[in-house]
Amino acid sequence: MTARTVKLSSLVSEGLLEIGAGRPRSVDPELPILRVADVLDGRIGPLKQSSLPETRQQEMKPKVSHPGDIVLTTKGTVGRVAMIPAQGPRFAYSPQLCYFRPTIDGPLRSRYLYYWFKSSEFWDQARALKSQTDMADFLSLSDIYSLSIRIPPLGQQVGVGGLLGALDDKIAINERIASLYEELLRCKFVELGLADEPDGDLAVPVADLVTFNPKHDRPSADEPIYVDMAALPTATSSILDWTRRVPKSGSRFMNGDTLMARITPCLENGKTGYVDFMDEGEVGLGSTEFIVLRSRPGIPPELSYYLARDGRFREHVIRNMVGSSGRQRVNAADASNYFVNRPNVDAIAAFGAEASAAFAHMKSLTSESRNLASLRDVLLPQLLSGRLRVRDAEKIVEDMT
């Protein structure tokens, strides 16, 4: 059996694929609504589980998520895609999303469809459609129905989805391990007493432990590393993306520094990251809207990161934001006007030893995940176009991992 190319509208008319958009609001406020911002790179962000009885959820069909659904963002940020896992949460789709629900016994498998939405075959068509209005990028249902998809035999679809999925699954495992490390170290940070309200004679200025916006010479490289606001994570430490550019104004940092957003809404959203990806002594540049935190000599560098993530410290920083609505920001001097309990020297040393080992492992996991993602992105177009057979791709993966 050979591959065939069909329009999505044909699959819908034959009852082999269900396509739909969400509705403006749920029939019940207890059923969460999935929005564009909740669709991350291949997964769904944390959502409150629905407590509706099954009979009430039936009223929302087909606008309530099903395991195996493929979700595509279709307005504003067009093209983010995720697959609803088997044990995924129940939620209603918003109008800015489109869902795709292949039939169980039909010619199209959900995981293959998910990767198709990441392929050039989809994007070449989507780019020609999403910018047809003067407003924000948008794919209408009629645009989506007009898309053509190459459907190979089921065995090949399963092989493609299984191979690419195995790479993504390994990346997800690495992310879960890193998240566990971060949570354990957060608990260790709390045990130091630095998250508590300062207690009388134990109180010391946080500036005794951490330098805010330390001074640096101009980067020596012609095109030093540059980190923009979009690259800062909201919940984890690893900064995954950076570029190089001709040096201009901006924050300056080195390995071991923590970058924290100082402007709304990035600060409130938790944009904070730990720098560990540069060469020794190398100076990088970042957004002017960063505050750089660096632990003083004798204080573990990772402590600055956990201070920047600490809820009490962030409340202090947010309270000190000034400026017009929508453009409020805090300066480093106000952020550093903060007191903590003087930490025990032995406890600080123990925290530093654990944090150093954990961050070294997290760095290796991040590096591995980056390599796996690059391999996946190289294999994906070759596999979906049929230019590379699954068995040959499996050999490539085996040789490179």
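Counting only heavy atoms from C-beta outward, the side chains of Leu259 and Thr272 never approach each other to under 4.5 Å. A 4.5 Å side-chain heavy-atom check between Glu121 and Pro381 finds every atom pair outside the cut-off. Residues Leu209 and Arg296 are not in side-chain contact: their nearest non-hydrogen atoms beyond the backbone lie 4.5 Å or more apart. Using a 4.5 Å cut-off on side-chain heavy atoms (C-beta onward), Leu384 and Leu380 make contact.
Here the side chain of Asn320 pairs no donor or acceptor atom with the backbone of Val317 at under 3.5 angstrom. Judged by distance alone, the side chain of Arg342 and the main-chain N or O of Ala203 form no donor-acceptor pair under 3.5 Å. With Lys271 contributing its side chain and Thr234 its backbone, the two residues share no donor-acceptor pair below 3.5 Å. Of the possible polar contacts, one joining the Asn213 side chain to the Val292 backbone as a donor-acceptor pair under 3.5 Å is found. Proximity of a side-chain donor or acceptor of Arg109 to a complementary backbone N or O of Gly106 within less than 3.5 Å is detected. Remark: side-chain polar atoms of Arg312 are paired, donor with acceptor, to backbone N or O of Ala195 under 3.5 angstrom. The backbone N or O of Pro224 lies less than 3.5 Å from no partner atom in the side chain of Arg244, so there is not a single donor-acceptor pair. In terms of modelled atom types and a separation under 3.5 Å, the side chain of Asp38 and the main chain of Arg35 share a donor-acceptor contact. Side chain of Ser238 to backbone of Leu240: no donor-acceptor contact under 3.5 angstrom is found. Between the side chain of Ser119 and the backbone N or O of Trp116 there is at least one donor-acceptor pair closer than 3.5 Å.
Checked against side chain to side chain donor-acceptor pair (under 3.5 Å), Ser110 has no partners two or more places apart in sequence or in another chain. Contacts of Asp228 classified as side chain to side chain contact (heavy atoms under 4.5 Å, CB included), with partners at least two apart in sequence or in another chain: Tyr226, Ala230, Ala231. For Tyr115, the side chain to side chain donor-acceptor pair (under 3.5 Å) partners are Asp168, not counting sequence neighbours. Contacts of Glu182 classified as side chain to side chain donor-acceptor pair (under 3.5 Å), with partners at least two apart in sequence or in another chain: Ser237, Tyr305. Annotation: side chain to side chain donor-acceptor pair (under 3.5 Å) contacts of Ser251 (sequence neighbours excluded): none.
More than 12 non-hydrogen atoms from other residues, nucleotides or ligands lie less than 6.0 angstrom from CG of Asp124. Within a 6.0 Å sphere centred on CZ of Arg391, other residues, nucleotides and ligands contribute 12 heavy atoms or fewer.
Donor-acceptor pairing under 3.5 Å is recorded for the side chains of Ser142 and Ser140. Between the side chains of Gln96 and Ser94, at least one donor-acceptor pair of N or O atoms lies under 3.5 Å. Neither side chain, Asp334 nor Asn337, offers a donor N or O lying under 3.5 Å from an acceptor on the other. Remark: the Ser295 side chain and the Ser304 side chain contain an N/O donor-acceptor pair separated by less than 3.5 Å. Side-chain contact, Ser369 with Asn174: a donor N or O sits under 3.5 Å from an acceptor N or O. No hydrogens or angles considered: nothing links the side chains of Ser385 and Arg150 as a donor-acceptor pair under 3.5 Å. Side chains of Ser179 and Glu183: no donor on one and acceptor on the other come within 3.5 Å.
Note: Tyr112 and Tyr114 fail the aromatic proximity criterion, with ring centroids not under 6.0 Å apart.
Exactly one residue among Val71, Val39, Ile70 makes a side chain to side chain contact (heavy atoms under 4.5 Å, CB included) with Val81. That residue is Ile70.
Expressed to the nearest 0.5 Å, how far CZ of Arg4 lies from OG of Ser10 amounts to 8.5 Å.
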Worked check of side-chain hydrogen bond (donor to acceptor under 3.5 Å, both in side chains) between Thr264 and Glu268: CA-CA 6 Å; Thr264 191; Glu268 294 94 329; 2.8 Å; yes
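Counting only residues at least two apart or in different chains, ring pair (Phe, Tyr, Trp, His ring centres under 6.0 Å) contacts with residues 322-370 comprise Tyr181-His361, Tyr274-Phe359, Phe313-Tyr338, His316-Tyr338.
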